[in-house]
Amino acid sequence: MKTIKVKELEVPIEVIAEVAELLTDNDITNTITGVDEDYEILFMEMEYEKEDNQVIHDIEDVIEDFNEDDDEEKKLMYCKKNPD
């Protein structure tokens, strides 16, 4: 008997194509469950089996890398606007 795991992730719209490719290439069942008020983040629920754990980790890495890059860009813009 296979156990199905469910994970909900917040996916920035800027990386949705990359996330979608990982999901479709690996036949991961997914559902868009919502969107934030600014239409910048999709809330997605993914159903997967244990052997697909790496795919889910890869998706989380894509999101994390984007968020880190976005944070760095925001810091740079803040520094340019507010030089000390």
Side-chain angles (χ1 to χ4, degrees):
M1 179 186 202
K2 293 187 177 188
T3 303
I4 302 293
K5 297 180 177 186
V6 177
K7 179 133 192 144
E8 187 165 340
L9 294 174
E10 296 179 5
V11 182
I13 199 73
E14 292 88 349
V15 297
I16 195 64
E18 191 171 350
V19 169
E21 182 177 27
L22 287 165
L23 291 169
T24 57
D25 286 352
N26 294 282
D27 295 321
I28 305 286
T29 301
N30 62 91
T31 306
I32 296 173
T33 58
V35 63
D36 73 336
E37 62 187 35
D38 296 325
Y39 300 103
E40 294 178 352
I41 296 175
L42 292 177
F43 300 102
M44 297 185 71
E45 186 175 275
M46 296 153 204
E47 297 178 11
Y48 62 100
E49 297 174 8
K50 185 176 182 177
E51 62 261 15
D52 297 318
N53 276 343
Q54 186 57 52
V55 177
I56 301 302
H57 289 300
D58 292 346
I59 291 169
E60 291 172 325
D61 288 344
V62 167
I63 295 167
E64 185 177 316
D65 289 348
F66 172 80
N67 288 335
E68 286 176 1
D69 290 346
D70 193 42
D71 287 345
E72 286 299 316
E73 187 176 310
K74 287 178 184 174
K75 288 177 194 172
L76 288 172
M77 293 196 60
Y78 177 81
C79 290
K80 287 180 182 178
K81 289 181 183 177
N82 302 298
D84 288 334

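All residue numbers refer to positions in the sequence shown, counting from 1. Atoms considered below: every heavy atom in the structure, side chains included; atoms not considered: hydrogens, waters and symmetry mates.
- Residues Phe66 and Val15 share a closest heavy-atom pair of CB-CG1, 3.7 Å.
- Between Met46 and Ile59 there is a side-chain heavy-atom pair separated by less than 4.5 Å.
- Side-chain contact between Ile63 and Glu10 is absent, with no heavy-atom pair separated by less than 4.5 Å.
- The other members of the hydrophobic cluster of Ile41, by chain and number, are Phe43 (side-chain heavy atoms under 4.5 Å, ILVMFWY only).
- With values rounded to the nearest 0.5 angstrom, Leu22 atom CG is found 11.5 Å from Glu60 atom CD.
- Separating the CD atom in Glu47 from the CD1 atom in Ile56 is a distance of 10.5 Å, to the nearest 0.5 Å.
- Under the 3.5 Å distance criterion, the side-chain polar atoms of Asn30 are matched with a main-chain donor or acceptor of Ile28.
- Closest approach of Leu23 and Met44 over heavy atoms only: CD1-CE, 3.7 Å.
- Using a 4.5 Å heavy-atom threshold, the side chains of Glu49 and Ile4 count as touching.
- Separating the CG atom in Asp58 from the CD atom in Glu21 is a distance of 11.5 Å, to the nearest 0.5 Å.
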*Between Asn53 and Lys5, does a side-chain contact (heavy atoms from CB on, under 4.5 Å) hold up when you go through it step by step?*
CA-CA 9 Å; Asn53 276 343; Lys5 297 180 177 186; 3.6 Å; yes
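- A pairwise comparison of heavy atoms in Asp52 and Tyr48 identifies CB-CB, 3.9 Å as the closest pair.
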